[in-house]
Each structure stands twice: as C-alpha cells, then as structure tokens.
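Indexing begins at 1, ligand by ligand and atom by atom, following the structure's order.
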Amino acid sequence: MTSLSDHAGFLPLAQLPSLVAQLMAHGYQCLGPTLENDAIVMRELATADSLPRGLQAEQAPGRYRLTQDPQQRYFAWANGPQAIKPQAFAPQESLWRVERDATGALTFAAVLPAVRPQAIIGVRACDLAALALQDAHFMRAGRRDAQYAQRREQLFLVAVQCAEPAATCFCASTGDGPTPATGYDISLAELADGFITVAGSAKGAAVLQALALAPATPQQIETARQQGEAAAAAQTRTLPSHTLRDSLMSRLEHPRWDEVAARCLACGNCTAVCPTCFCHAEVDEPALSGASSEHARIWDSCFGESHGHLHGFNVRPDIRSRYRQWLTHKLATWHDQFGRSGCVGCGRCIAWCPVGIDLTAEVAALTASEVPS
Ligand code: SF4
Ligand code: SF4
C-alpha cells in the first residue's frame, strides 16, 4: 500500500496532457472521462488534450445531473454510470468456438480477446476496490478465467482522489475511499494548481520518471490529505461498519422485502452499474450451416426472471425473492465467499435506480427492528 506522502511528485496543471501523452508514448490506448449523453463515461481519448474540465455530477436516488464546477477542475465529478468493470469483464464475449470438418469431427478452441495495453485515467478508489473483488472471483486459484485475465493484465490504472463525492456515495463507511490506497499504477490528487502524483507500481514509476516531476512539497501533500478527509466527512450515507451477514440472514422473512418489492421494477439497472456484480449467462450461437458454433458469455442480472430457472422451476419467481437475493448476496453471503462485503460504497445502484431505491435505506429499515417472529 502506498500513501500520498510516498515519493510524491507534483504535476503542474498545464502538464496534465503530458501525462496522457507519456502513456500513449509507452504504448497505451488511453481511456478517460468523456461527456456522452449527458453523463461521464470512459471512452478512448483521441488526444492528450481531450480530458473534459469543469464538470461536477449531482446525484440523488434516481437522479444524475452534470453541473458546472466553478473551480474548473478536471476530476470534480464523482463516479459516472460506468465503472471500469467492462474493461476486464466484457459485457458480451465469446469464450470458445467449435468447428465441424468434412468428416464430422469437432474441434474446440478457446476464443481469447485481442487486447492492447490500456490506460484508464480517472479511476476512483471505490472502483479499485471493486476490481480487486472481480479479480478475487475471476482469477481465483485453480479457476482462472482466461478472457478476464487477458484483459485485466493489460490494464494500467491512473486513480484519482475524490474531492467532491456525490450525495449517493458512501465509500468512507465501507473503507474503500475516497482516497485511493492500493491497486493503482499512478494515483493523482487534484489541487488548485496541479496534481500530487504517486506511483503504485514499477510501470507507474516508469511513466512518472519520464515526466521528470519536482517532488511535492509537504504543504501540497497536507492539502491533499485534508481534501481526502473533508471528502470522507462530507458523505452522509453509510452502511454499518460491522458485518451485516447475520443480521440480514436472520431477517429473510422480514415484511420490508414485500415493501421494497412493491417499488422495484426488476429492471436490473442496479446490477448493470454495480462494479462488483459478476453474474452472467452463457449462450450458444450456432452458425446456420451447422459447421460451427460459438459459446458466448453475456452479463446477466439476478433481477431477471430467467436467472432463477433451475431444471424446470424457478427458485426466485417473484421480485421480493430477487431483491432479497441481490441484497443478501451483496452484503451478507459475499462474506462467506470473499471475506468481505460485495459493496464498495460507490452509490451507483442508488443514482441509477429508476425508482430511487436506496440500499442504505433498505438496510437501515431491515435492521432497525427486532427479528420478526
Ligand atoms: S451495491 Fe450499489 S453502492 Fe454497492 S458497489 Fe454495487 S452499485 Fe455500488
Ligand atoms: S432496485 Fe431499482 S435498479 Fe434495481 S432492479 Fe429494482 S428498480 Fe431496477
């Protein structure tokens, strides 16, 4: 783990494009924040000067609006709808292909993605924590997912401290933000006149070395530290710091599940934007000729009706059981699988839920009362 004070450099504001240019010179395709359909998403940056400036994201349950940042900062927006999940866990991709030759013999071959080294600029601490959870799932010992690993190993992560968390953020209470602590190649903290830079890997150190930056001053480092503390203190939503495993699992018949089910549309938006959700479906796509077939993986949601189908019946036939499955997996049984909660406090499921369902409010309602008898 590296901190803001470990060999920190200072990148003057006017030199931010030179960081992007240096990444490009090191052979990275650069992805960064881009304004698209009134939201900030990660897209390929055409040039080193393409980073948007002066945007903030106002977020509330069921609400996301971009506003102007009076200080004209580059990273004053809190997270957008898209985490970095698609860069490692592709929304749709082929896993293997089978071909039939003239004798009828079948040949199976893995399909691996053609990926080039990719630098993502503007990654938030919550998304680094989510990526670590995705790694734990897709790259666990003995069950390494070849497609995920191929994409993941090409990633270079330029993290940014969140100075302006949205009203939906609660990463401070999950212990995952707002200042990146680990999992990045380079970390930035934006000040009025430039960026504190810290290398988190040998790859990151090589890129920063090429920029020949002056060391950050103790005062600049202290300003960034205070900025992180203020951002954490500004967060009003929380999840309890203790594990919710037992309290949620003892409330599987709580009437609150009926109440939330009456509002939930089972649209799956929350799972699509969640950086830790990894459920997927697998489908076969045979060629009409019968000569070949591809086996593909596509993102799926536990809110979908088909997700609960098992051998002729549905184990989760109603929205109540699907919402309960999502929340109890994310916050309770995830502890059994991964040793921690599956929520990193990014708040996306709150902002992007069309009816504004707020998991922090649902947890508070579920756990406020005694276990119903
Ligand atoms: S459950 Fe919601 S707040 Fe938690 S990581 Fe997923 S999208 Fe973010
Ligand atoms: S909780 Fe909200 S986002 Fe999730 S499935 Fe229900 S309505 Fe959709």
**Request:** Would you list the pairs meeting ring-ring contact (aromatic ring centres under 6.0 Å, His included) in which at least one residue belongs to residues 117-142, sequence neighbours left out?
**Result:** F89-F138, H137-F278, F138-Y148
**Prompt:** So F195 and F75, would you call those rings parallel, tilted or perpendicular, with 30° and 60° as cut-offs?
**Reply:** perpendicular
**Prompt:** So Y28 and H26, would you call those rings parallel, tilted or perpendicular, with 30° and 60° as cut-offs?
**Reply:** parallel
**Request:** Keeping the roles fixed (side chain from T276, backbone from C343), state whether a donor-acceptor pair exists under 3.5 Å.
**Result:** no
**Prompt:** With backbone taken as N, CA, C and O and side chain as the heavy atoms from C-beta onward, which portion of A266 lies under 4.0 Å from ligand 2: side chain, backbone, both, or neither?
**Reply:** backbone
**Message:** Does only the side chain of W326 get under 4.0 Å from ligand 1, or the backbone, or both, or neither? Count heavy atoms.
**Reply:** side chain
**Asked** Between P81, C274, P275, which is the residue that forms a side chain to side chain contact (heavy atoms under 4.5 Å, CB included) with R348?
**Response** P275
**Request:** For C264, counting its heavy atoms only, list the atoms of ligand 2 lying under 4.0 Å from any of them.
**Result:** 1 (S), 5 (S), 6 (Fe), 7 (S)
**Fill in**
What lies under 2.8 Å from atom 6 (Fe) of ligand 1, restricted to protein N/O/S atoms, is C274 SG
**Message:** Closer than 4.0 Å to some heavy atom of G347 - which atoms of ligand 1 meet that?
**Reply:** 3 (S), 8 (Fe)
**Request:** Answer yes or no for C353: is there an N/O/S atom below the 2.8 Å cut-off from atom 8 (Fe) of ligand 2?
**Result:** no
**Prompt:** Is R251 positioned over the aromatic face of W257, cation under 6.0 angstrom from the ring centre and no more than 45 degrees off axis?
**Reply:** no
